[in-house]
Amino acid sequence: MLRLSLPNIGDDGVEAVARVLRSGQLVHGQEGELFEAELAAYVGSREAVVVSSGTAALHLSLAALGIGPGDAVLVPDFTFPATANAVRLLGARPVLVDVEAGSYSVSADQLAEAADAWQGPEVLRAVMPVHEFGYPVDMAPVMAMARDRNLFVVEDAACALGARCGDRKAGAWGDLGCFSFHPRKTLTTGEGGAVVTDNPELAARLRLLRNHGMRRGPSGMDFLEPGYNYRLTNFQSALGRTQLASLPGWLERRRELADVYLDLLAPLAAAGRLSLPTTVSGHSWQTFMVVLRDGLERARVIEQLRDQGIEANLGAQCLSALGIYGALAGRRAGAPVAPVLFAQGLALPFCEQLGEDDLARVAHALSKAG
Ligand SMILES: *Cc1c(COP(=O)(O)O)cnc(C)c1O
């Protein structure tokens, strides 16, 4: 079976984990400190704080900004539900914003329009652009629209470690940037995540909330406020460090393979059977998703590909199409994009371990589907 993606764990990763397990230092320790320093340097942020998942990263970020009841946060309508869940779990209201048809991500214009249309009663406090599947949202205008309106920016870069927008990496632009190290992402620690920021006060607050709101002082442990346990283990950090060393090469390979897919699938796009994702040079290609046109029924295509030994699946969720978020959809003009991406998006096998012959097999099977 040609799988959607495979974690890429080398012998160096296995050995690093074994070394930490034998050391007995299992919770956040030296490996965690080193992983944080290396991540901050890689992303180009002053600070990185490693946590137990991408969802923990999002939840902790909003908590560190003091987002809570009475607040509203702009969230793209096409994403993994964790983006909106983090807002909701703090008692705030996600306001769903439609996305672009080719990048599958929100633009600064879409965020600005939604911010200006917002009428409350909750107070709009933050925007959460999602770099969906590694597409780097153009962040300079997002930062400008947010500063003009006095809004915080929390980047959901869960899929986008290593993506680049202009002269900075995804995650490094906002007040806070969040990453996931789930096995479905390019760099994995099993479960895991990180928050990056240039603001030392926010970093200190993230570290406090990550660890029970506890601070060690001269008189022992002080519990300053109720916090979480969102720590990453030391052996996961050791694994992450080996992964980070390999990441640049993996991303280079993914960019080559994405170009191969775009070439192979161009005739199907020209024939109107599917549409292809927008490509930009900084894309980190965590997932390669096409959008099937009306003539192709997704469930049927997934089944036909499975019969050929090829795994394919939907890409991400449309939040307003889910029961728990449907009530937040509101009225919308025109034909929204997110529901179409949710209904007709098809993620294809994609990771750096694949060969061009694997991609050709997928393209051939897709050309026969219908
Ligand atoms: C994967 C993902 C998350 C959640 O990350 P976990 O590590 O699984 O908690 C959040 N947002 C987006 C956009 C994601 O792709």
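All ligand and atom numbering here is 1-based and tracks the order in the structure. Each residue takes its place number in the sequence, starting with 1. Since the structure is predicted, the reported quantities are computational estimates derived from the model, not experimental observations.
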Please name all residues satisfying side-chain contact (heavy atoms from CB on, under 4.5 Å) with Arg164, sequence neighbours left out, ordered by chain then number.
Ser281

Under the side-chain contact (heavy atoms from CB on, under 4.5 Å) rule, collect the residues that match up with Arg207, sequence neighbours excluded.
Glu36, Glu47, Val49, Ala203, Arg210

Please tell me whether Phe181 and Phe35 form a close aromatic pair, meaning their ring centres lie under 6.0 Å apart.
yes

Aromatic plane relationship, His283 with Tyr135 - under 30° parallel, 30 to 60° tilted, over 60° perpendicular:
perpendicular

Got a list of side-chain donor-acceptor pairs under 3.5 Å for residues 263-276, not counting sequence neighbours?
| from | atom 1 | to | atom 2 | distance (Å) |
| --- | --- | --- | --- | --- |
| Arg273 | NH2 | Ala369 | O | 2.6 |
| Ser275 | OG | Arg293 | NH2 | 2.8 |

Present, as a list of atom pairs with distances to 0.1 Å, all nitrogen or oxygen contacts under 3.5 Å between ligand 1 and the protein.
| from | atom 1 | to | atom 2 | distance (Å) |
| --- | --- | --- | --- | --- |
| ligand 1 | 5 (O) | Ser180 | OG | 3.3 |
| ligand 1 | 7 (O) | Gly54 | N | 2.8 |
| ligand 1 | 7 (O) | Ser180 | OG | 2.7 |
| ligand 1 | 9 (O) | Gly54 | N | 3.4 |
| ligand 1 | 9 (O) | Thr55 | N | 2.9 |
| ligand 1 | 9 (O) | Thr55 | OG1 | 2.6 |
| ligand 1 | 11 (N) | Asp156 | OD1 | 3.4 |
| ligand 1 | 11 (N) | Asp156 | OD2 | 2.8 |
| ligand 1 | 15 (O) | Lys185 | NZ | 2.6 |

Within the structure provided, determine whether Phe350 and Val362 are in side-chain contact (heavy-atom separation under 4.5 Å).
no

